[in-house]
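Protein chains get the first letters and strands the later ones, always in sequence-line order, with residue 1 at the start of each.
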Number of protein chains: 2
Amino acid sequence: MVTSRDVARLAGVSQSTVSYVMSGRRSISPETRRRVEEAIETLGFQPNAGARALASQRSQVIGLVVPFAPGADMTGVLPFIETITKCAREEDHNVILATEDEGAEGLTRLSDQSLCDAIVLMEVGSKDPRIPVAAGLSVPVILIGVPDDPAGLYCVDLDYTLAGRMAVDELADSAHDRVVLLGYPRDVLARDVNFVRRFLRGAEDAAAAAAHGIAYAEVSPPDTSRAGAEAALDEALAELGPDGSRLGLVVPDPQLIQPTLQSLLDRGLVPGRDLSVIGLCTDRTAETSTPPVTNLSLEPRDVSRRAMRILFRLLNRESVPTTSTVELVTPRLTLRQTSLPAR
Amino acid sequence: MVTSRDVARLAGVSQSTVSYVMSGRRSISPETRRRVEEAIETLGFQPNAGARALASQRSQVIGLVVPFAPGADMTGVLPFIETITKCAREEDHNVILATEDEGAEGLTRLSDQSLCDAIVLMEVGSKDPRIPVAAGLSVPVILIGVPDDPAGLYCVDLDYTLAGRMAVDELADSAHDRVVLLGYPRDVLARDVNFVRRFLRGAEDAAAAAAHGIAYAEVSPPDTSRAGAEAALDEALAELGPDGSRLGLVVPDPQLIQPTLQSLLDRGLVPGRDLSVIGLCTDRTAETSTPPVTNLSLEPRDVSRRAMRILFRLLNRESVPTTSTVELVTPRLTLRQTSLPAR
DNA sequence: TTGTAAGCGTTATCAC
DNA sequence: GTGATAACGCTTACAA
């Protein structure tokens, strides 16, 4: 292993000079800088992370707590992981992973062992038991998701309330007379992630808005399997409107979208011809569904980037927007093949 | 921050005794152990990771290099990340993430900065430029994937050659008389991941086997989009066999499966009724495709677990199977709705 | 502009 | 069975 002492010896300077050349925390004469950088280059010196962390009290690591809970939407988390990792690297930081099933201890471990300088907590529940713990840690914590009580922590998330509203509004505006929301399955409800109720509230609010006067109902599939979708659809389609009535289905669970589309096709109901379907999912998921589903985007990359922006401002002791602790990203509606043509 | 010195003071022992109680590397009297453990408990002591790493030359961290390259199969990597992270935690290790786009420097960084004790390298290419670098690092590297020259590194992967063979054999055994392989799209080919050619070789070998005498062809879609699938199918279906002939489609790219199924349905061809489709993907993907596709499983969890088992044997200086440096996992065939019924 | 030296919080080698 | 104490490799006052 090559250390900064080796570099110092080769460059004919003191060890601290090497350190200062690397950190830029004091001015160095051009000549010295050149010699040191040359020595670093020829020796291939890389500073020891542990030693650096110990001395500087900064690990240059971001802790990322991901939801690997059974039933969690797998396809959805990857863009978050990817974007967060890349943002971290841009600021010369690394990312260490922890899984949701470690619970609150996972957080204290990351923080108290000085494994990281800040934590990003994904998919927080409404009354997530980790929130009070997170608020008491010695490292800043950014939440992706909005708990009932953010406890002063910064939160970034999609504006699910707006998403719910947009879904219903879109259907109402395009002359649908009935909206059925295929809710989240039981296991998602059990995890009590906050976005569920936010989305539902948005949808309900929009449906209740006087201007529309649209029929609105919610059904809950038992799970995201084909059978779950079937059961939900049985209920949703039970009382079909009069011939020529326009039905819109809203499917907020990405995992339920494809099974729902398939069940509809199996029944001879073609989305985009016989009824409308609006999904809440990433554009990627929407593009590759069969048929491509009109969707409200989840914008995982945008959400992640904003979270990391706040995080690094916090770490660099820069000013952080103090107006609100909650930052919401506006979803984007993209019409695809599952929307009924205008009447 | 509470240190082992604080614990030692409270327990009335020396700092080294605290260390030995935690590591169990020397015998401690029951009474001393009790007092120390009590002190740890009341103070909530957590050892500083950086200091520990510095002193012990062990970071207790596993580096995981994931393929976030554009075009990489997103859904596929998550089970790997999850399984690897959990295996690491079981052995009291953490996981630090690096992305493929960091290239070989990413590896040297992880190793030379002593950020981790071992590296897992996912989705290695046939002539991956990172392999020679990996072989020269001071930490062990486990490959997921099999390069042309493993350079003595341990590799774990699905047996893609066997998978290719199994796909064609299954179709041949179920009285199909024509097999078309919808190959990997250009961007996957460009990445030159080794499994592509292994799968193709397996399929070709099986097709060539005298016993079958089955017509075999390969077509390459430009990409995994709907349009890509369309183009590939145009070619694949160009010369349709005589009426009543049994065609089998093999689709090794998970991302191409759904677009292909959709394109077939659009043409009025129902998989499982008019032709067979066999996909190479995780069971989860197969279950939720429309219709559920007969598949050969990618077994990401099994592959990951085996990789981690080798890794920790290496770290613990236990004996490692020396017979071969390459460990291949057998894919599993599951018949679903896209297989033609027996004639 | 540069050097000296005191930590940072562990681990592990001696000694007893 | 336990206690001093010297590393581990870096950062950062404090001097010069």
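In this structure, CD of Gln15(A) is placed 11 Å from C1' of dG3(C), rounded to the nearest angstrom. When the P atom of dT10(C) is taken as reference, atom OH of Tyr20(B) falls 15 Å away, rounded to whole Å. Separating the CZ atom of Arg26(B) from the P atom of dG3(D) is a distance of 8 Å, rounded to the nearest angstrom. Following rounding to the nearest Å, Leu54(B) (CG) and dA6(D) (P) show an atom-to-atom distance of 17 Å. Between the CZ atom of Arg25(B) and the P atom of dG3(D) there is a distance of 19 Å, given to the nearest Å. One atom, CG of Leu115(A), and another, P of dT10(C), lie 12 Å apart when rounded to the nearest Å. Regarding Gln57(A), its CD atom lies at a distance of 13 Å from the C1' atom of dT10(C), rounded to whole Å. Taking atom CZ on Arg33(B) and atom P on dT2(D), their separation rounds to 10 Å, with Å as the unit.
Using a 4.0 Å heavy-atom criterion, one finds that Val13(A) contacts the sugar-phosphate atoms exclusively.
Salt bridge present: Arg34(B) and Glu31(B) bring a charged side-chain N and a carboxylate O closer than 4.0 Å. For Lys127(A) and Asp149(A), the salt-bridge test fails: no basic side-chain N is under 4.0 Å from an acidic carboxylate O.
Residue Thr17(A) places no side-chain N or O under 4.0 Å from the OP1 or OP2 atom of dT2(C). Contact check, Ser56(B) against dA12(C): no side-chain N or O comes under 4.0 Å of OP1 or OP2. Distances shown here put every side-chain N or O of Ser14(A) at or beyond 4.0 Å from the OP1 or OP2 atom of dT2(C). Proximity of Ser19(A) to the phosphate of dT12(D): no side-chain N or O atom is located under 4.0 Å from OP1 or OP2. Close to dT11(C), at under 4.0 Å from its OP1 or OP2, lies no side-chain N or O of Ser23(B).
Each end of the helix from dT1(C)-dA16(D) to dC16(C)-dG1(D) gets its own axis, taken as the rotation carrying the C1' atoms of four end pairs onto the next four within a five-pair window, and the two axes meet at 40° to the nearest 10 degrees.
Under the 3.5 Å distance criterion, with hydrogens and angles disregarded, a donor-acceptor pair is assigned to the side chains of Thr32(A) and Ser29(A). No donor-acceptor contact under 3.5 angstrom links the side chains of Ser16(A) and Ser19(A), judged on distance only.
One finds the CD1 atom of Ile96(B) at 12.0 Å from the OG1 atom of Thr85(B) (value rounded to the nearest 0.5 Å).
Checking Thr32(B) against Arg52(A), the closest nucleotide of DNA chain D that is more toward the 5' end is the one next to Thr32(B).
For CZ of Arg309(A), the number of neighbouring non-hydrogen atoms (other residues, nucleotides, ligands) closer than 6.0 Å is 12 at most.
Ser16(A) contributes a side-chain N or O that forms a donor-acceptor pair with the base of dT4(C) under 3.5 Å.
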Got a list of side-chain donor-acceptor pairs under 3.5 Å for residues 40-47 of chain B, not counting sequence neighbours?
unit_1	atom_1	unit_2	atom_2	d
Thr42(B)	OG1	Glu38(B)	O	3.2
Thr42(B)	OG1	Ala39(B)	O	3.1

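Minimum atom distance to the side chain of Asn48(A) is reached by dG9(D), of the listed dG9(D), dT2(D), dC8(D).
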